[in-house]
Each structure stands twice: as structure tokens, then as C-alpha cells.
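Just so it is clear: chains get the letters A, B, ... in the order the sequence lines come, proteins before strands, and each one is counted from 1. It should be emphasised that the depicted structure is a prediction, and the values quoted were computed from it without experimental measurement.
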Amino acid sequence: MDLETLRHSCAHIMAQAVKELWPETRLAIGPAIEDGFYYDFDRPEQFSEEDLLTIEERMHQIIQRDEPFIRKELSKKEAEELFQGMQETYKLELLKEIPDDKVSVYYTGKSFVDLCRGPHILSTGQIKAFKLLSLAGAYWRGNENNPMLQRIYGTCFLSQQELEAYLRDFEERKQRDHRKLGPNLELFDIYQQEAGAGLVFYHPKGALLRKIIEDYEKQEHLKRGYELVVTPHIMQADLWKTSGHYQYYRQNMYTLQIENKEFVLKPMNCPGHILIYKSKVRSWRDLPIRYFELGTVYRHEKAGVMHGLLRVRGFTQDDAHIFCLPSQLQEEIRSVIEFVFETMKVFGFNDIEIELSTRPEKSIGSDEDWQLATASLENSLKQLELKYKINPGEGAFYGPKIDIKLKDALKRSWQCATVQCDFSLPKRFNLEYIDTDGTAKQPIMLHRVILGSIERFIACLVEHYKGDFPLWLAPEQVRIIPIAEETFTYAQQVCKFLQASGIRTHCDLRNQTLNKRIRQAELDKIKYILIIGNKEIQQKVVTIRRRGIKEQITQTPEQFLTHLQTEIASRR
RNA sequence: GCUGGAGUAGCUCAGUCGGUAGAGCACGUCCUUGGUAAGGACGGGGUCACGGGUUCAAUUCCCGUCUCCAGCUCCA
């Protein structure tokens, strides 16, 4: 028996329980999802948390009754009459969109019937372990203009042990939430009351982590033929009118009026890079031109969508714009994707999702352009033998794109890297290069980010490593704990010695017991703890306690430094 | 933005059926000078998110705002 069928059937049982308890409730849809199932209901009164228990109880009764799931095929007309009689208006709406003349319905027990393709389990008694988890609102058919329904989420497993393991795992995952770990490890925080929602403050350790990431990126971009640029944070509104953002992205832009001139806090970096491109006449020999900027942008996201560092209002993109010839497009895209994969590997991410989004209904650009761009994107993925999903019609209005997503601790996907072709901006800004025949032509423009935003990426990193970063990323690599005051001087000497070679280290000289200071270093997830007492001073060594390893070793400070440098260079 | 839940010390939370609040951790001072995950004593710290209303009296009840959490929608 597969889990999906089990969960789908469990959703039916939940709907049946709700209908038995509150017959006036109308049913919408109730599928199985990755970790469970849900069902959407339309009911005048709100469900409460206690109602979930009542529903669970009723579900247990239905399961105990061991009622069979019975499939019946009906003509569309028969089905319409059936659901019309029950006043299931949502089901009628679904029926209308089924092209076939025959539809199937599933009966459970005497009274409950649901429009459903199936398959289902044989009878309700086959459900051995389930739990209702939460309540939420959800728009009918996912459209915010439709009425909001009440959704109940639940999950279901083959055995009670598996269910309990899932719930335990879920609790553990919550513990690695970057919103909890970040402030706990003194990496970053958001002061929504004092400074505003969605605006991030990096504390010293977080700022260090960020610097390490930024340094790595700048170096890698230079290696790959990108040029570094820096553009202003505010620019005149006129520029954004030319780019089209002023018209199409207004509700997300922060604007300010100074001496009768309107300025915009940049929500994107593209117009800035375009101005630099346009600063002189470009020859086909100059292309491709690749401008890279760690560009901080501000977007006024809706109140309900902010989420820790994963969705914020001010963030820094590792943004680049590539201006190239049509003949260079494919190669540029391929090397961006390779760049993304190399980078993800270095940072320890192996499990990533790739999506290719194609032309939407509302779009600009010729069929030819779209075809070339979409084919170039897809060919690159094929050449690199990558698995990807296609999102038909999900591209931007100005071009197709490839998105690369990482999952957070709670298995929610977040878009990080993206490569997007753009037919709009080169036209709007009238970008040109002089081709071999001496005529001016329009270059193709690619937008791309590797990490996405530093903020979002740091959130993913924190959750991926549970704050226990590999040595090369760790803001504090070594903590030195001298046992007693008489050993402070030697400890500080070792500290200075390591710092002089660029090791990020601190001495814990607090008047606390050794045990307590070791405990604190462990809670801070420090990779190496050096214990220094009289024994070490006499032998001119340090005792090394590595996180997660029981046996300690003793080395001279010089040996230890070499060891650290090797580990840092390995980026593991 | 929508639906529901929530906001008490730096953190985790208790409490007040309306009479301005308490614990543990953290922090400070002192004692302790400790060999591998919490030594001890004393102490400081709160406009009970913010703004209105009801009341003799509001942290508590009512309304509004802000923010957070889950989900939906959105995400150039």
C-alpha cells in the first residue's frame, strides 16, 4: 500500500467526519501532499483547535466501523445531479472542468460520497496511524479573489511508530530554524519594533560569516571573467520609468521626494549596470561583458510574507548582468549553471531542485527570441545532465528562466540561484553593440544570481549546518580556555599567535569554572576548544578538543596552526 | 494583503476570575583558582507590544494599530 493512497483516503475520512459533525459544511478539495494531506472546507463557523480533537475522535469511530471505499462510475450528468442534490457547489465547479463524460466517485459508508479519481484503500480500517496537525486559511483554487476556505492539515503513516518518528523529527527540525539559531549564536537579529520588519542586523559573528561568503564570491567572480562594479542605493525616478519598474513594480518600491525630485531606493541592480554598459560604444569584440555587484536592494514586501532572513525587505544580491551576442548565449548560460553547482558544492548543498520556467501568456519579445532563449536554457541543463522540472508559462514577462531552489529545515523550498534571459531592458534602454558588419545591434542580456541573496543563503546555511559550520565558514574557529589565572599569559600568547595567521579565535578569561566555560563553548558550537593549564605551559603545547570527537590530542601551537590551515583550505 | 493563533525581564516561560508582577537561565559584585557540558552567596533589571475606550482602578475587559507564528496569495 503506498503512502499517497493511504493519505488521500485519510483525507476522505476526515471530510466524512466533518460532514457527520457539521452537515452544513461544503467540501472543496483534499489531496495527499508531501508529508500528509489536507482538506479544504467551507463552513460559516470557524474551526477551533478543540474541533480538531473532536474530528479526530470521529475519524477513529469511522476507522473502527471499517467502512469500505466503493468506487462508482457515473456519467457527468448523473454526477451533477448527485452533487447538486447535496448542494456541493465546489464539487459542481470541479465537475464542469473535467473533459471526460465519465467521472468516478467514491462512497465511504452509507452517506459519504466524494468526487474523486482515486485510487483508495479498501476500507477505513486500514488506517493505522494518523494525526490532525493544524488549521489554516486557503483561497478556493488558490486565487485571492475567491472566498477563503478553512484548511485542515493532517498526516498519516503505516504505523504508529512511523507517525511518532515523524512528529519527533518535525520537532527536531524546528530546533534548527535559523530564526532561533541566528540570534542564539549571535549571528543576526531583526528589530521589527525599533527598526522595522524585514530589515536585518548582522551582529559581529554574522557580519564575519557574511564577509567570508562575500570574499569567496568576489574572488570566484574575478576568476571567471566578471568585473566588479558598485552602483548607488538611490537613483532618480526617471531611470525607473525607463526601465519600466516604476510602472510595473511600484507597489514594492520605496520612494522619496527631495527638493521636487523623486528618488527610488533600488529594488534591483539592473538599471545601474545598464548605465555603465551604455557609458561608451561597445564592439562585438567587447562581448560578453559581465558586471558583478553585491547589490543591496529594498523591496516593500507585503506584511504577511516576511520570514526570518528567507524573505526580507532589504537584502543583498550577488547579482550579475551579462551582455552577450546571440551566439554566446548558450555558453554563457552553461557556465553560469556550472558556477552555481560548483558554489553549492563548496557550501555543502547537494540536494537542490532545478526548475525551467517558460513563456507566460502576457509577455514581450518575438517568438524567435523566446525560442532561442528557452532552447539555450534547456540545452545547458541537458548538456550538464541535470534533472529539472518544467513550469510552463511561469517565466517572467520579459524572458524565460532557470531557478534553483534550496529547502529549509521545515522542507519549504526557497529560490536561490536564478538565470533569466531578458528581452525587455535591452530594448527599453536601447542597448547596442557594433557588429562585424559595422551596424548597431542589440545584445542579449542575462540576469543571474548564484546564491540569490546573502540573507536567504545565510538562512539556508544556518539550517543546513544547524549552526555547526565547517571550519572555513565558522565565525569563531578556536576558543581558548585557560584553566586558572596563572595560565592566562600563555593562553593569550597562543591566541595572538593564531590570530596573527588569520585564525578567528578568542580567549575565555571569565571567572567561571572550567566546566562552565567548556559547556558554553560547546553551546556556541565552536569547532576547536584549546585547554591550557600548567601541564601545557611546561611542555609548550596545547590540548585540543575537537567538536564531536571524544579523544583529545596534544600539539605544539605550530603543529595545530598547520592542521587548521589544511582544514580551512579544504573547505570541508 | 487574507484566515486563524499569539505578544509578560536579554532568553525560556509562570501568573493576575480588574487592585501596576514571579521563576530558571543570562547579567553585575563578592567568595571560589577550578583538568573537560551548569561551584556558591548576594544583587540589578519590567510603561506586562503600542494607542484609545470602559472603570474609583486596566498588564488583565473592549476597539484600533504594530509585530510575530502557521497556512494561503504574492515573490522582476
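The residue A:F47 sits apart from the nucleic acid: no heavy atom pair falls under 4.0 Å. Note on A:A484: a base of the nucleic acid sits closer than 4.0 angstrom, heavy atoms only. Among the atoms of the strands shown, base atoms are found under 4.0 Å from some heavy atom of A:E536. Base engagement by A:N534 is indicated by at least one non-hydrogen atom pair under 4.0 Å involving a base atom. Nucleic acid contact for A:K401: sugar-phosphate only, since backbone atoms but no base atoms lie under 4.0 Å from a heavy atom of the residue.
Here B:rA14 sits opposite no nucleotide as a Watson-Crick or G-U wobble pair (both hydrogen-bonding atom distances under 3.5 Å). Nucleotide B:rA6 forms a Watson-Crick or G-U wobble pair with B:rU67, both donor-acceptor distances falling under 3.5 Å. Across all strands shown, B:rG44 remains unpaired; no Watson-Crick or G-U wobble contact has both distances below 3.5 Å.
Rounded to an integer number of Å, the gap from A:N143 CG to B:rU3 P is 16 Å. Atom CG of A:D40 is separated from atom C1' of B:rC72 by 9 Å (rounded to the nearest Å). In this structure, the CG atom of A:L149 is 17 Å from the C1' atom of B:rA70, given to the nearest Å. Note: CG (A:L514) to P (B:rU36) measures 7 Å, nearest angstrom. Across the protein-nucleic acid pair, A:E50 atom CD and B:rG5 atom C1' stand 12 Å apart, rounded to whole Å.
The side chain of A:R412 places an N or O atom within less than 4.0 Å of a non-bridging phosphate oxygen (OP1 or OP2) of B:rA70. Contact annotation: A:Q150 does not reach the phosphate of B:rU3 (side-chain N/O to OP1 or OP2, under 4.0 Å). Phosphate contact (OP1/OP2 of B:rG34, side-chain N/O of A:R510, threshold under 4.0 Å): absent. Dashed line: the shortest gap from a side-chain N or O of A:R151 to OP1 or OP2 of B:rG4 is not under 4.0 Å. In terms of phosphate contacts, A:K516 brings a side-chain nitrogen or oxygen within less than 4.0 Å of OP1 or OP2 of B:rA26. Applying the 4.0 Å criterion to OP1 and OP2 of B:rC69, one finds that A:H307 has every side-chain N and O outside that range.
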Would A:Y291 and A:Y277 count as a ring-ring contact (aromatic ring centres under 6.0 Å, His included) here? Give the steps. CA-CA 9 Å; A:Y291 291 144; A:Y277 178 89; 7.4 Å; no
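More than 12 heavy-atom neighbours from other residues, nucleotides or ligands sit within 6.0 angstrom of OH on A:Y90.
In summary, the aromatic rings of A:Y39 and A:F41 are positioned with their centroids under 6.0 Å apart. Annotation: A:F423 is in aromatic contact with A:W370 [ring centroid separation under 6.0 Å].
Contact of A:Y139 with B:rG71 (side chain to base): no donor-acceptor pair of N or O atoms is detected under 3.5 Å. Side-chain atoms of A:Q552 come within donor-acceptor range of the base of B:rU36, with a qualifying N/O pair under 3.5 Å.
Annotation: cation-pi geometry satisfied between A:R7 and A:F157 (NZ/CZ under 6.0 angstrom from ring centroid, within 45° of ring axis).
For A:Q46, the side-chain atoms get nearest to B:rU3 when compared with the rest of B:rG39, B:rU3, B:rA37.
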